[in-house]
Student: 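Please find one structure pasted underneath; my questions will follow.
These numbers come from the heavy atoms of this one structure, side chains and all, not from hydrogens, waters or symmetry mates. Starting from 1, each residue takes its place in the sequence as its number.
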Amino acid sequence: MARGAGLLAGLWLAGAAAAQQIDTARYDGPTTRYPHGVLGDDVEWAQLVVRLTDGRVLSARLGEERVFEDLAPRLADLDGDGAPEVVVVESHAARGARLAIWGLVGDDLRPITATPWIGTRFRWLAPLGAADLDGDGRAELAYVDRPHLARTLRVWRYLPEGPGAARLDEVAAAPGYSNHRIGWDYIEGGIRACGTGPEMVLAGGDWRDLYALRLAENGLTARRLGRYSPDAIARAMACR
């Protein structure tokens with residue numbers, strides 16, 4: 001996924017079609033108030049803008065202490081109602097990054113839930129995607145926590161708690177993986193489906209090898225795919 005791209009559609013999560021839903025999402029309101037530069041420049045985003053299926057445009061602006069430190073919003077139907085939620089990376093001036101879920105609540109664009117902040121300024125996370133990773137009918141979201149430092153893959157389950165409300169429960173974590181290098185305006189790897197269920201594809205933390213990971217009852221299991229290279233990761237995501 002490249003810096004400045006549009007929305008990324010959700011994977012393998014579908015339900016009954018909704019009459020009114022978010023159709024596209026983007027960031028706006030460029031700002032330099034959070035000069036981290038992890039994605040190659042000092043420009044981040046203050047505003048989330050969505051277009052609805054009826055053509056209306058809604059937007060929400062973050063307070064001065066926060067930005068969207070991200071490539072682009074991602075759409076995924078996390079609760080299975082046929083209407084997508086919006087998955088974003090927010091960063092706080094003092095607390096670093098978190099993964100946050102926004103959605104359409106009534107006629108408003110609102111935050112629904114989020115992971116905890118990493119806890120320190122200029123600490124970031126790189127999303128992998130969203131899918132029902134273990135086949136239990138519930139959506140999980142995966143990201144690499146501090147892909148340049150902690151290099152820890154984390155998986156969170158999305159649990160709806162009523163209209164416009166949900167929580168995220170961490171269900172698995174594994175150190176020793178990365179999907180981003182400082183200054184890249186893209187994130188490598190992601191979640192693939194090659195006929196045997198979804199797998200998370202990413203590099204080892206030392207960038208020597210490439211891995212596919214699955215979520216099961218006993219946690220994450222990893223399978224080495226071979227030596228890492230940009231071509232190798234592209235082939236793996238294409239199921240080749």
Side-chain angles (χ1 to χ4, degrees), residues 1 8 10-13 38 66-71 73-81 84-92 94-103 110-162 164-180 187-193 197-205 211-223:
M1 187 175 189
L8 181 66
L11 303 177
W12 317 304
L13 301 170
V38 73
R66 287 187 291 160
V67 297
F68 296 107
E69 189 178 16
D70 200 2
L71 302 172
R74 301 150 187 86
L75 296 188
D77 179 10
L78 300 175
D79 58 12
D81 68 352
E85 284 71 45
V86 187
V87 183
V88 301
V89 180
E90 299 178 7
S91 288
H92 188 282
R95 301 173 187 170
R98 69 178 182 181
L99 195 74
I101 314 300
W102 290 63
R110 295 182 184 176
I112 296 173
T113 188
T115 64
W117 302 104
I118 288 173
T120 302
R121 175 178 173 87
F122 296 161
R123 297 295 183 265
W124 185 67
L125 62 87
L128 276 175
D132 178 4
L133 291 173
D134 58 358
D136 69 350
R138 296 175 295 184
E140 285 83 32
L141 299 107
Y143 64 77
V144 179
D145 175 1
R146 290 160 290 174
H148 325 114
L149 295 170
R151 299 182 179 93
T152 299
L153 174 63
R154 299 193 185 276
V155 179
W156 298 75
R157 181 166 292 132
Y158 185 86
L159 298 170
E161 295 188 324
R167 75 175 192 269
L168 288 168
D169 285 357
E170 187 171 11
V171 294
Y177 298 98
S178 187
N179 58 348
H180 184 267
I187 294 170
E188 283 198 329
I191 301 176
R192 71 177 188 178
E199 293 181 309
M200 295 166 279
V201 176
L202 67 171
Y211 294 91
L213 288 94
R214 291 178 179 268
L215 178 66
E217 279 189 24
N218 58 349
L220 293 166
T221 60
R223 177 167 57 93

Student: For Y143 and T115, what are the C-alpha separation, side-chain angles and deciding distance, and is it a side chain to side chain contact (heavy atoms under 4.5 Å, CB included)?
Tutor: CA-CA 11 Å; Y143 64 77; T115 64; 4.0 Å; yes

Student: Which heavy atom in L215 sits nearest to a heavy atom in A172, and how many Å separate them?
Tutor: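 The answer is CD1-CB, 3.8 Å.
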
Student: Might you point out which heavy atoms bring A100 and E90 nearest each other, and give the distance in Å?
Tutor: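 Taking every non-hydrogen atom into account, CB-OE2, 3.4 Å.
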
Student: List in chain and number order the residues that pass salt bridge (charged side-chain N to carboxylate O under 4.0 Å, His left out) with D169, two or more places apart in sequence or in another chain; answer none if no residue qualifies.
Tutor: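 Expected list: R167.
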
Student: Only pairs under 3.5 Å count here: list side-chain donor-acceptor contacts from residues 116-124, not counting sequence neighbours, and write none if there are none.
Tutor:
unit_1, atom_1, unit_2, atom_2, d
R121, NH1, A93, O, 2.9
W124, NE1, E69, O, 2.9

Student: What is the minimum heavy-atom distance between L78 and A139, and which atoms define it?
Tutor: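 Residues L78 and A139, closest heavy atoms: O-CB, 3.5 Å.
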
Student: Please confirm whether the backbone N or O of V88 pairs with a side-chain atom of D70, one donor and one acceptor, at under 3.5 Å?
Tutor: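 Answer holds: no.
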
Student: Taking salt bridge (charged side-chain N to carboxylate O under 4.0 Å, His left out) as the definition, give me every residue that meets it alongside R157, ordered by chain and number, with sequence neighbours left out.
Tutor: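 R157: salt bridge (charged side-chain N to carboxylate O under 4.0 Å, His left out) contacts with D134, D136, E140.
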
Student: Roughly how far apart are R98 CZ and H92 NE2, rounded to 0.5 Å?
Tutor: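 Interatomic distance, R98 CZ to H92 NE2, rounded to 0.5 Å: 8.5 Å.
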
Student: With a 4.5 Å limit on heavy-atom distance, are the side chains of R146 and T152 in contact?
Tutor: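 Result no, sub-4.5 Å side-chain heavy-atom pair not found.
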
Student: Could you tell me which non-hydrogen atom of P147 sits nearest to which non-hydrogen atom of S178, and how far apart they are?
Tutor: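 Heavy atoms only, the tightest pair is O-OG, 2.8 Å.
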
Student: With side chain to side chain contact (heavy atoms under 4.5 Å, CB included) as the criterion, how do V86 and I101 come out once you've worked through the C-alpha distance, each side chain's angles and the decisive distance to 0.1 Å?
Tutor: CA-CA 6 Å; V86 187; I101 314 300; over 6 Å; no

Student: How long is the span from the CG atom in L75 to the CD atom in E85, to the nearest 0.5 Å?
Tutor: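 One finds 9.5 Å between CG of L75 and CD of E85.
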
Student: Please report the closest heavy-atom contact between P198 and D132, naming both atoms and the distance.
Tutor: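 Heavy atoms only, the tightest pair is CG-O, 3.4 Å.
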
Student: Got a second to check how far L125's CG is from I187's CD1, nearest 0.5 Å?
Tutor: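 These two atoms lie 8.5 Å from each other.
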
Student: For A142, what residues pass the side-chain contact (heavy atoms from CB on, under 4.5 Å) criterion, not counting sequence neighbours?
Tutor: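 Once residues adjacent in sequence are excluded, the partners of A142 under the side-chain contact (heavy atoms from CB on, under 4.5 Å) criterion are L128, L153, V155, M200.
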
Student: Could you pull out all residues at least two apart from R154 that satisfy side chain to side chain donor-acceptor pair (under 3.5 Å)?
Tutor: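 Residues passing side chain to side chain donor-acceptor pair (under 3.5 Å) with R154: D145, E170.
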
Student: Excluding sequence neighbours, so at least two apart, what forms ring-ring contact (aromatic ring centres under 6.0 Å, His included) with Y177?
Tutor: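 Per chain and number, Y177 pairs via ring-ring contact (aromatic ring centres under 6.0 Å, His included) with Y211.
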
Student: Rounded to the nearest 0.5 Å, how far does CD1 of I191 lie from CG of L133?
Tutor: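 Rounded to the nearest 0.5 Å, the CG-CD1 separation comes to 5.0 Å.
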
Student: Between E161 and T113, is the side chain to side chain contact (heavy atoms under 4.5 Å, CB included) condition met? List the steps.
Tutor: CA-CA 10 Å; E161 295 188 324; T113 188; over 6 Å; no

Student: For the atom pair CD (E199) and OG1 (T221), what is the distance rounded to the nearest 0.5 Å?
Tutor: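 Reported value, rounded in 0.5 Å steps: 8.5 Å.
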
Student: Starting at CG of L168, measure out to OH of Y158 and round the result to the nearest 0.5 Å.
Tutor: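 Answer rounded to 0.5 Å: 7.5 Å.
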
Student: Checking R95 now: which residues fulfil salt bridge (charged side-chain N to carboxylate O under 4.0 Å, His left out) with it, not counting sequence neighbours?
Tutor: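 By the salt bridge (charged side-chain N to carboxylate O under 4.0 Å, His left out) rule, R95 matches no residue at all.
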
